[in-house]
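Below is one structure, written out as structure tokens, with a few remarks after it.
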Number of protein chains: 2
Amino acid sequence: MNILVYLQAMSFVLSDEIILNWKNLISEKNSQALKAEMNELFSADIARVMNQLSDEENQFVFQLLDEEARSEVLAELDEDKREFLLESLSTEQIADVLDNLDSDDAADIVSELPEEKQQEVLSQIEDVEQASDIAELIRYEEGTAGSLMAKELVSVYTFETVNQCIDEIRRQADDVTQLYAVYVVDNHERLKGIIPLKKLLISHPLARVEEIYESDIQFVRVDDSLQLVSETMSRYDLVVLPVVDKVGKLVGKITIDDVLDYLKEKSEEDIQRMSGITEDIDVQDKIWKISQARIPWLLIGMGGGIIGSRIIGNYEEHIRIRPEMAFFIPLIGATGGNVGVQSSSIMVQALANNMMFSNVAKKLLKELYVGLFNGLICSSLIFLYAMVAESWKLGLVVSIALFTVIIFASFMGTFVPMTLHRFKINPALATGPFVTTLNDIIGITIYFLVGRILYSMF
Amino acid sequence: MNILVYLQAMSFVLSDEIILNWKNLISEKNSQALKAEMNELFSADIARVMNQLSDEENQFVFQLLDEEARSEVLAELDEDKREFLLESLSTEQIADVLDNLDSDDAADIVSELPEEKQQEVLSQIEDVEQASDIAELIRYEEGTAGSLMAKELVSVYTFETVNQCIDEIRRQADDVTQLYAVYVVDNHERLKGIIPLKKLLISHPLARVEEIYESDIQFVRVDDSLQLVSETMSRYDLVVLPVVDKVGKLVGKITIDDVLDYLKEKSEEDIQRMSGITEDIDVQDKIWKISQARIPWLLIGMGGGIIGSRIIGNYEEHIRIRPEMAFFIPLIGATGGNVGVQSSSIMVQALANNMMFSNVAKKLLKELYVGLFNGLICSSLIFLYAMVAESWKLGLVVSIALFTVIIFASFMGTFVPMTLHRFKINPALATGPFVTTLNDIIGITIYFLVGRILYSMF
């Protein structure tokens, strides 16, 4: 066999052609051809195609899958697509699906069900241990280590031998799909350490656990935050992290793939917060929901605009005499806004990376220097332009105002996120539209104030 | 021993007190106390403290570390701190450090050295294989799978037995710190599949590799993009991914922790692009570099402001008669900007998640509906305000203009990122300031146009 052909066959690239082909096969009810297509694919890829199909089409595809594939596909599907499929399944069918999944994936699905259905589904899961694991997992608060962990793990006692460890792994081989380490516990099931699989492989079969296990390990508690979980795993380059309860008992483990999903969601959420969207929304969400998530910051921004209109309103006569003052309102506002967003986005990232408070004064000073520098460049350029296009007086007004606005915006862009952070508010939340609105108001105030003073001087 | 005491001791929380304590010990040249502090910590944590110290302080700390810790700390340090330390080390000392590191971390450090130093350092590495591995790795282009991979891996032939695999692992045990799977190759070293360590553990010692290996696996090529690498690993929940060359030969592996670092960097970069910062910069960077990265978009924004001033300039007489028209310039601009950023940030995320092009028309339509809805709410509110505060005529002008601007901004916020994406430009790059500037200009144009038409009608 030509190995290159084999290698090329492995990478599945989702395309519009593939989706169209599936849609055609579904409308023709061509089960055989569809099954042949699906046999070529991993479950994750079947789910990717299904995320692009309609709910009705998905129903047809789903009933063609065998039991194991059903579970895997369901775990990988987008939430809204899954919701529809779950509604069309009986509680018994859902229970079968859950039986085949890791406890964390199963718990995610159960927690999406309406509460009255949860009880029913759980009671119909054949494997009682799996059912009680799921029941435990759905009780942990969202955002905690407990909510992300899985119950599947292999644990051994300090007095056991390597051979006994391997027997234990063999016994649990079906349950634990991804195994990277074996956990060591004392006779109260409290976490003592780990044995990496590599160490098990190269140790003498009769060596005792207590001789070979590593006690210098990282772990988290069930109620620790996911922030701490992800920081710990990325800092110490871990692929799996044990979770203990209040008395140190080993209760679960968190794997890196779940942390990856969490981080992705969080970074999307941060970008949305910075863009003035209050809730975590998808492109798939309903129009009403999207609108609701966006209107609050629009209204706050409009409030800022109204304040701006009142400030300008104070200069009504001034504008009547010198309408050219109005020309540069957008320039002052936009530049102030841009500078503020630049400063604040850097600040938000520094805060997310756990910047030490001892560095605060230094950062503020640096931002001011950058502002000073960029302010000089921008205001010199605008002075030249306004002088040529309008008059040297207006040039002076605009450039002095712009310079002041840039310095101010640099300061606000640094100060606001730090203050929010100090008061335990997510700095990304209010950074974007908040800083922009604030800078708009301040910018206009400075601009007209400078205008009044300078025009009255000359 | 009370296990809870033991458990609490494990989590290291970096605080201002710790940093101050280290600084004091360094200024007292108290090597013994410092060493005692460091003995309690993982290398990653020592690096975290050192990232908060000055370069001179770091030099003192560094010479207290033993050889292995030096390597690990250097690999974990921030780039600018590392750069300084590397400058103060002889090429021989750097070679020693590199000898103790995984090939990918070592290659990262070498590629940061000035070119004339690279040669010298590589020639002084004792382990010749390590030196040639590093020399190979630094040649791969940044952003490709090759640039992120490590050379350390355990590979076996199809005709070998489980026992021989374990011997192979034992032989390479020191080189490969994190081992999750053994790779299977044919006698031309071409990738055939993998054996997870778990499978090795539970298989019969005399079973042959060809009987137990998994051939249905994921892999990437050396010149595949890191985007593809991270998508593949997160889609199929992998912790390690083999890398092959053009003819299918196994040349390296990529581990999830490196992908995590890459994703983090990329998401920070995207946020900076959206905030109008052209280069990837840190809070640590020099003022000049920060300023340089920010000025281009400020100038583009100012260009937009100047165009805005010319548009308003066309209405000079209009403003002289009705200065109240100027009051709402900031409101129109800000709301248009906010709406545009909201739409575009959602779009950029959808594009990053590989939205299918078949959905484009649907997305555009949905955005327009959301815009219609939010536009109605915002413009009704502003009509009421402007009517009460100024006049019903101005109310009509502002509300009709605002409504039009919101619809337009929704459209632009969707259309611009899609177009950039189509032309293979990172949509995040130009989304923030670009869309805002564009919306500002369009907003003002619409506002004054509506004003002229309506005022001439009544």
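Given the structure is predicted, the values throughout are model-derived calculations rather than measurements. These numbers come from the heavy atoms of this one structure, side chains and all, not from hydrogens, waters or symmetry mates.
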Exercise. Can you see which heavy atom on S343(A) is nearest to which on R294(B), and at what distance?
Key: OG-NH1, 3.5 Å
Under 4.5 Å from any heavy atom of chain B - which part of [X]:
X	value
L263(A)	side chain
L197(A)	both
E390(A)	neither
S230(A)	neither
I256(A)	side chain
N338(A)	both

If you tally heavy-atom pairs under 4.5 Å against chain B, which of [options] wins?
options	answer
I166(A), I319(A), I271(A), I311(A)	I271(A)
S291(A), P196(A), P330(A), G305(A)	S291(A)
V341(A), D237(A), V220(A), L179(A)	D237(A)

Quiz item: Looking at CD1 of I406(A) and SG of C378(A), how far apart are the two atoms once the value is rounded to the nearest 0.5 Å?
Solution: 4.0 Å
Practice problem: Quick one: pull up CG in L331(B) and CE in M302(A) and give me the separation to the nearest 0.5 Å. | Solution: 5.5 Å
Self-check item: Electrostatic pair D261(A):K264(A) at N-O distance under 4.0 angstrom
Solution: no
Quiz item: So, are E316(A) and R310(A) salt-bridged, with charged N and O less than 4.0 Å apart?
Solution: no
Quiz item: Does the side chain of D257(A) come under 3.5 Å of the side chain of Y236(B) through a donor N or O and an acceptor N or O?
Solution: no
Heavy-atom contact with chain A under 4.5 Å, split by part of [X]:
X	value
L402(B)	side chain
E317(B)	neither
K199(B)	neither

Quiz item: Can you tell me if N374(B) uses its side chain to pair, donor with acceptor, with the backbone of G371(B) under 3.5 Å?
Solution: no
Quiz item: Taking L299(B), I382(B), L228(B), T436(B) one by one, which has the highest count of heavy-atom pairs under 4.5 Å against chain A?
Solution: I382(B)
Quiz item: Do the side chains of H188(A) and K249(A) get nearer than 4.5 Å, heavy atoms only?
Solution: no
Self-check item: F328(B) side chain reached by Y385(B) side chain, heavy atoms, under 4.5 Å
Solution: yes
